[in-house]
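As structure tokens, the structure follows; a few thoughts come after it.
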Amino acid sequence: MAEVAICADIGTSSLKAAAIDTAGNVIARSRVLFLSMYTDHAAKEWICALSAALKEIHSAQPDLTADVLCISGNGPTIVADDAMTLLWNTPVPQQETESLFLPRVLHFKQMHPDSWNNTQKLYSGPEYLIHQLTGVSLTILPEKRYSSAYWTAESLEAAGLTAADAKKLPPFAAPGDKAGTLTKEACSMLDNTPLLKEGTAVYCGAPDFVSALVGTNTLEAGKLCDRAGSSEGVNLCTSLPLKAEDIRTLPSIHPQLWNASFLLPDTGLRFSAFKQRVEREQGRELDFDYLVQSCIMSDGTYPAYDQGKYLMLQIAMQVRDGIAKLLNAAYETNDRQPRQMVVTGGQAANDAWNQMKANVTGLEIVVPYCTDAELMGDAAFAFTGMGLFDSVETSARRLFRPEKSFLPEDF
């Protein structure tokens, strides 16, 4: 029988989880909405959300048991022992540093002095949940070249953090490392789900965008991925780091490659706000797919749908412009020119939106079998850590499966 991993990803507004086997089959999945999102105690409900997700998966597959658990999540969120939370998207004063974490650590220290003084360790999202489940403290470093984006001894000192402060930051571990095993107390917090037993191995996932790139197999130079959720990011794998305005370059998980991204920070939030406004006007809840289709087919009968169509076109054109900026910056790398783009996240589940993106960008849009690519990336990390695949790249290739594609049409 194929091994099964329970994969969980902590998002901005929900926790997603799935049972995935070594053939890349999603056996069952769940999404649990957060009630305390955008608050400074958001982390308090993550383990409750995981418990609820496991119950739903068990209800769908009552005979299923899992071999391992792997966790990813958004970063750089900061969480203290008491669950005081500084979410990744909370604005903080910028510092003279390459680090994505240190400005947030310093802001946390200033804004929450009691939590700072009393906490033994500071975590990011998935690491906090891993600690609750295993008792182990660690920080997931996606690849060794990420150290400057996290922290070094030199950058900690330059930021004015003392040796005592530095001890609050757990040691680095890699995606696919075994973090520990489920404790008896953790099983109790998970309501003793039959899916997971005391002693089940817990593996490190990665920051969610890294897990998504693995889950979409965007690990070769010239490959494009559009990851759309509350925010959206167009990602291009490159052979060299890119330096251009509005482009953020970080190492790929592949040790010789890089990932350049163009961020659209609020596309999902804008459409969500539009949906809520139309629902208030109509006095009823609208199905997401119905609303998207109504907007695309809008003929002027209902002005709100015209506005929605314009908003969707605007987002698609922003994606197109982001791709153009990435490709212009990558001109001298001699990487292959992409002819397709893998999409993941909520928008990927809607055929009409995918077709619009294909039409606007001029690229073939590929939709993976698992549109929650972070979860498939977690499976790749877990199965690699278990020794079932020889590398994350091999695991990504074996697990990734395209399900649909959309070619550009005139419109």
Side-chain angles (χ1 to χ4, degrees), residues 1-10 15-24 27 46-47 50-51 53-54 57 64-73 75 79 120-144 146-147 150 169-190 193 195-208 210-215 219 253-255 374-396 398-399:
M1 181 181 292
E3 282 82 354
V4 174
I6 297 295
C7 304
D9 180 74
I10 304 166
L15 180 141
K16 295 175 289 187
I20 300 175
D21 67 18
T22 48
I27 301 166
W46 293 344
I47 198 161
L50 177 59
S51 178
L54 294 174
I57 291 172
L64 182 69
T65 57
D67 299 279
V68 294
L69 172 64
C70 187
I71 299 169
S72 60
V79 188
Q120 294 295 309
K121 298 293 181 184
L122 290 171
Y123 304 92
S124 194
E127 294 95 326
Y128 179 74
L129 187 51
I130 287 171
H131 174 69
Q132 286 185 293
L133 297 171
T134 67
V136 175
S137 299
L138 51 79
T139 300
I140 301 170
L141 188 71
E143 203 267 345
K144 62 182 180 181
Y146 269 81
S147 57
Y150 279 62
L169 302 174
F172 292 136
D177 281 356
K178 181 179 175 181
T181 59
L182 279 181
T183 65
K184 183 176 181 180
E185 293 75 16
C187 291
S188 178
M189 287 189 286
L190 297 174
T193 171
L195 270 175
L196 300 169
K197 298 179 174 63
E198 181 182 352
T200 299
V202 179
Y203 281 84
C204 297
D208 50 6
V210 175
S211 291
L213 295 176
V214 173
L219 303 177
I253 202 161
H254 187 295
E374 298 88 350
L375 302 180
M376 195 60 71
D378 290 344
F381 291 131
F383 295 143
T384 303
M386 295 170 69
L388 302 178
F389 297 105
D390 61 8
S391 68
V392 171
E393 292 86 352
T394 299
S395 187
R398 293 283 294 275
L399 296 178

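- Counting only distance, with no hydrogens or angles, the side chain of Thr181 and the backbone of Gly199 share no donor-acceptor pair below 3.5 Å.
- When every heavy atom of Glu143 is checked against every heavy atom of Ile253, the shortest pair comes out as CG-O, 3.7 Å.
- The two atoms that bring Thr134 and Gly180 nearest to each other are CG2-C, 4.0 Å, heavy atoms only.
- Between Cys7 and Tyr203, every side-chain heavy-atom pair lies at or beyond the 4.5 Å cut-off.
- Between Ala19 and Ile6, the closest heavy-atom pair is CB-CD1, 3.8 Å.
- The main-chain N or O of Ile140 is found under 3.5 Å from a side-chain atom of Tyr150 such that the two form a donor-acceptor pair.
- Across every non-hydrogen atom of Gly125 and Ile10, the tightest pair is O-CD1, 3.6 Å.
- Residues Leu133 and Ile47 form a side-chain contact, since some pair of their non-hydrogen atoms from C-beta on lies under 4.5 Å apart.
- A donor-acceptor pair under 3.5 Å is absent between the side-chain atoms of Asp378 and the main chain of Ile71, judged by distance alone.
- Side chains of Pro175 and Val392 form no contact here, defined as non-hydrogen atoms less than 4.5 Å apart.
- Between Pro126 and Ser72 the shortest heavy-atom distance is CB-C, 3.6 Å.
- Taking each heavy atom of Val68 and Met386 in turn, the nearest pair found is CG1-SD, 3.5 Å.
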